[in-house]
**Q** 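Dropping the structure in here first, questions after.
Computed from a predicted model, the values in this text were never measured in an experiment. Numbers restart at 1 for each chain; the letters A, B, ... are given by sequence-line order, proteins then strands.
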Protein chains: 2
Amino acid sequence: MRPTVHDIAAAAGVSLATVDRVLNQRPGVRLVTREKVEAAIRQIGYIRDVAAANLAKSRVYPLVFIVPTGDNSFMHGLRFEVHQATLRASIERTDIRIVEVPPFDVPALVAALDALQEQDIAGVALVATDAPEVRAAVDRLVSERIPVITLVSDLTDSTRHHYAGIDNIAAGRTAARLLGRFLGGREGDLTVLAGSMLVRDHRERLQGFSAVMAEEFPKLRLLPVLEGRDDPERAKSLVSKALSENKDIIGIYSLGAGNRGLIAALKAVRPERELTVVVHELTRHTRAALLDGTIDAVLNQDAGHEVRSAIRVMKATADGQAVIADQERIRLDIFLKDNLP
Amino acid sequence: MRPTVHDIAAAAGVSLATVDRVLNQRPGVRLVTREKVEAAIRQIGYIRDVAAANLAKSRVYPLVFIVPTGDNSFMHGLRFEVHQATLRASIERTDIRIVEVPPFDVPALVAALDALQEQDIAGVALVATDAPEVRAAVDRLVSERIPVITLVSDLTDSTRHHYAGIDNIAAGRTAARLLGRFLGGREGDLTVLAGSMLVRDHRERLQGFSAVMAEEFPKLRLLPVLEGRDDPERAKSLVSKALSENKDIIGIYSLGAGNRGLIAALKAVRPERELTVVVHELTRHTRAALLDGTIDAVLNQDAGHEVRSAIRVMKATADGQAVIADQERIRLDIFLKDNLP
DNA sequence: AAATTTTTGATTTACGTACATCAAAAATCG
DNA sequence: CGATTTTTGATGTACGTAAATCAAAAATTT
C-alpha cells in the first residue's frame, strides 16, 4: 500500500493538519517542524495521489491553445485535434479555450499572450512565431508561474517549459537523405519550396536539408528557395515556372504547407518530367498524391499526438509532476505509400 | 459541472441507493425502475468518474505480461519497458506481473495462459506465438471476461480484445520500397534474413516485402530466406556464407532479431562489397551500424509505446471504457542516420 | 511572570463513488 | 385479506486529499 498523509503524520510525529500545511505550503509552521515533515515525506517516499487531490479540490485545469488562423490543412488539423481534446475535457478535468491569431502576426500573438496575464490559467500552448517580442511575452507568463508549451514551432532562447514538436533540423536532414538516396547517383538540380523563412521550423528544415546535401550529395545542386507563403496558388505558379525554366530539376523538397498547389503543378508536367518529391505534412492531398505516385515520401508530425502531449505536459507542469519523457517525444513520421495509417 | 450520481437520482426520481444498484449491477431493482434510471443516465449524459470510483474501491489493476525469455535486444528492451511500467505501478494503480516463457514454445505459452484462469486479473498482454493452441487458450481467457491484448505479434482469428503492435505487412512493404528505391535501378540479388517463419510477424513482413518487390522492382531477385532463429552466431555464418557464395547480392533485408551477427558479417566484407541494408528493431547495435553506414535504414516499433499502450487498453477494457484509437495505434518508425532519437 | 503571538492539534466537511445495513414501502402470493 | 417476498429509501462509512475552524499548547515579547 502506498503511503498516505496519515503515514507522514505518524512518521513525523505531527498532526494531519500540520502535514497538510506543509504539503500545501500554508503558513503557520515553524521551520524545524516543516523540515521534520519534509524529511518524513522523503523518507517514506510519499507521493501525493493527484486523482484524490483533484477530487477534493474539484480541480479543473484551465488551458489555452493559441493557434494561427489560416486554411492550410495542417493548421486545420491542429485546430481539429484541439477541438477533439475539448470533447474529453470533462473526463480529463480540463477546460480548454482556443484563441486564434493571424499567422506570422507578432503583435497579435503578443497581445494574445499578454491577455492571459493575471488570469487563472493552468497552462498555455502556442504555435510560436520566433520573434524577440514573442519570447519576451512568453517569459513574462513563465515568470508568473504559468506553464508555457510551444507547439509545432519552438521559440529561441525563451524560458518555455517544454516544446511539443519535432526536431526540424533532423527532419530536413532526413528529407535530404531520402531525396538523395532515391535519386541514386543522378546529377541535377533541386528545388526547395518553403512557406516563409520567418518561422523557425521552416528555417531549421532548410538548414538540415542543405547540410546533408552539401556533405553527402555533391552532384545535387540546390536552387534558391521558393517562398510559397503556405498559399496553394502561389506555390503552384512558383513551381510551374521553375520547372518550365529549368529542365535540370530532378527533385523537390517542400518543407511547408500549401502542398495542394505543388501537387497541381506536378500533375501538370507529370508523365514527361520524372521528379522525385518529398513533402511535409500528411493531409488529404498529400496522401492521395503519395498513393498515385506524384510524390515519393511524406514527412509528418502527428498533430493529435502533439496536442495530447501538450495537455499532459501542461497538467503535469502545473502540478509540479514529472512526465514520461519518452512518451512526450514527438516523432518524425516518414510515410511511403505502403505504411500510410 | 459534470453530472454525478446525485443528478441521476434526482432526474430519475429514485434514491441514490437505487442508482448505485443499477450502475453496479447489483440485484434488487425492478425492470421498470432500472430502465427509468438507465434512461436518465443517457439523457443527462452521465459518465462515471473513474478516478473517484477507483479511490472508493481502492482499486488496483492486476496485470500480467507474458514475454519470451531470450537475450535478443528487442525482447530485452521489451522486458525493460515492462519493468519501467512497474516503477509507475503505484501511481497508475497497476500491479504488474511479468511471466517469462521460452520463445516459440507453444505448450509453455498455453500453460502460462491457462494458469491465469480463475485468477483475479484485470488484463493479460502476451507476445503471441501464432498457433491454434495459443488461440484457444486466449479464447478461454476472453470467455472468462479477462481482457487479453496481443503484444508485438498478433494471433490469427482469436478473440483478443486488442493488438498492440505494428502492421507487419506494411512494414515489409515499406522495407521493400526503401531497399528498391535506395538501389536505384540496379539489378541484382536480395537476401532476406528472418528469425523464424513460425511467428506471424516475420511471415507477414516477408509477405509484404515479397509483394512489393514482385510488383515494383522486377530487376531485384529474391533469394531463399535465411532463418537465423534470432541467434547472432547463426545469423553471422548464414550471411557470410551467402555473401561469399553469391557475388550478385546487392541488398539485405533483416526482418527479425539477432542483427548483431548480421552486422558482424557485413563489417567483414565492408569496404569491398557495396550493400544496401534495411533491418528491423533499433538497438544499441543497429544504431551504431546505422551511424557508421553499415546499414541504411532501421524499421522500428517502440517497445515503450507498446507497453504503455497495452496498459492503457487493458485498464480501459477492464472498465468497459473507450480508448483514443489514434493514440493506441502503434506506428512503424523509420530511422535513417539523421532522425535517430 | 503575565500577556501576547505563533504554532500545532483535533475535528469537521467536502469531492464522487462504492458498498453495506436496516427500515419502510410496495408488490406478489396463498 | 393478511402474510410474505421483493423493491426501494435512508443513512453511514470509506477511499486520499483539501481546506476550514477552533481550541490548546508552545514560543515570544513585555
Side-chain angles (χ1 to χ4, degrees), chain A residues 1-38 40-41 44-61 89-93 95 122 315 318-321, chain B residues 1-38 40-41 44-61 89-93 95 122 315 318-321:
Chain A
M1 269 289 148
R2 148 175 192 192
T4 75
V5 280
H6 296 83
D7 300 316
I8 309 176
V14 299
S15 75
L16 224 53
T18 301
V19 172
D20 179 68
R21 289 180 184 114
V22 173
L23 278 176
N24 296 293
Q25 293 152 113
R26 272 185 262 278
V29 184
R30 264 190 310 165
L31 186 63
V32 278
T33 322
R34 154 160 290 122
E35 279 168 351
K36 206 165 59 179
V37 174
E38 279 164 351
I41 290 174
I44 66 178
Y46 168 80
I47 305 162
R48 171 196 259 114
D49 183 330
V50 179
N54 284 348
L55 179 62
K57 282 191 286 198
S58 299
R59 166 146 214 191
V60 291
Y61 297 83
S90 72
I91 298 174
E92 297 179 346
R93 291 183 169 276
D95 174 16
K315 289 171 76 172
D319 291 340
Q321 292 261 314
Chain B
M1 265 292 149
R2 144 178 198 192
T4 73
V5 281
H6 296 82
D7 300 316
I8 310 176
V14 299
S15 75
L16 224 54
T18 302
V19 174
D20 179 69
R21 290 179 183 114
V22 172
L23 278 176
N24 296 294
Q25 293 152 120
R26 272 184 263 277
V29 185
R30 265 190 309 166
L31 186 62
V32 277
T33 323
R34 153 162 289 124
E35 279 167 353
K36 207 165 56 178
V37 173
E38 279 163 353
I41 289 174
I44 66 176
Y46 168 82
I47 305 162
R48 172 197 257 114
D49 183 330
V50 179
N54 284 348
L55 179 61
K57 283 191 285 198
S58 298
R59 167 147 213 192
V60 290
Y61 298 83
S90 72
I91 297 174
E92 298 178 347
R93 302 189 96 92
D95 175 17
K315 289 171 75 171
D319 291 340
Q321 293 262 313

**Q** When you measure from the centre of the six-membered ring of B:Tyr46, is the NZ or CZ of B:Arg48 under 6.0 Å away and within 45° of the axis?
**A**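 Because its charged atom misses either the 6.0 Å distance or the 45° angle limit, B:Arg48 does not stack over B:Tyr46.
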**Q** Indicate the atoms forming the closest heavy-atom contact of A:Arg21 with A:Arg34, along with that distance.
**A** O-NH2, 4.1 Å
**Q** Which pair of non-hydrogen atoms, one from B:Ala40 and one from B:Ala12, has the smallest distance, and what is that distance?
**A** CB-CB, 3.8 Å
**Q** Do A:Arg2 side-chain atoms and B:Ser90 backbone N/O form a donor-acceptor pair below 3.5 Å?
**A** yes
**Q** Check DNA chain D against residues 17-31 of chain B and give the residues with a non-hydrogen atom under 4.0 Å, in numerical order.
**A** B:Ala17, B:Thr18, B:Arg21, B:Gly28, B:Val29, B:Arg30
**Q** Could you identify which residues of residues 49-61 of chain B place a heavy atom less than 4.0 Å from some atom of DNA chain C, listed by residue number, or say none?
**A**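 DNA chain C contact set from residues 49-61 of chain B: B:Asp49, B:Ala52, B:Ala53, B:Ala56, B:Lys57.
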**Q** Do A:Lys57 and A:Asn24 have side chains that approach each other closer than 4.5 Å (heavy atoms only, starting at C-beta)?
**A**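 A side-chain contact under 4.5 Å is absent here.
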**Q** In whole angstrom, give the distance that lies between atom CZ of A:Arg48 and atom C1' of C:dC15.
**A**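 About 15 Å, once rounded to whole Å.
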**Q** Grab the CG-C1' distance between A:Leu16 and C:dA10 for me, whole Å please.
**A** 10 Å
**Q** Kindly give the heavy-atom pair with the smallest separation between B:Pro3 and B:Ile44, and that separation in Å.
**A**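 Minimum heavy-atom separation between B:Pro3 and B:Ile44: CG-O, 3.6 Å.
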**Q** Yes or no on side chain to side chain contact (heavy atoms under 4.5 Å, CB included) for B:Asp20 and B:Leu16, after CA distance, side-chain angles and deciding distance?
**A** CA-CA 6 Å; B:Asp20 179 69; B:Leu16 224 54; over 6 Å; no
**Q** Tell me, do A:Asn54 and A:Lys315 make a side-chain contact under 4.5 Å, heavy atoms counted?
**A**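 Side chain of A:Asn54 against side chain of A:Lys315, heavy atoms only: no contact under 4.5 Å found.
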**Q** How close or far is atom C1' of C:dA27 from atom CZ of B:Arg34, stated in whole angstroms?
**A** 17 Å
**Q** What is the distance, rounded to the nearest whole Å, between atom CD1 of B:Ile41 and atom C1' of C:dG16?
**A** 15 Å
**Q** State, with a plain yes or no, whether a side-chain heavy atom of B:Arg93 is found less than 4.5 Å away from one of A:Asp49.
**A** yes
**Q** Could you state the interatomic distance from OG1 (B:Thr18) to CG (B:Leu23), rounded to the nearest 0.5 Å?
**A**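 These two atoms lie 11.0 Å from each other.
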**Q** Taking only heavy atoms on the protein side, list every residue of residues 2-10 of chain B lying under 4.0 Å from any atom of DNA chain C, sorted numerically.
**A** B:Thr4, B:Val5, B:His6
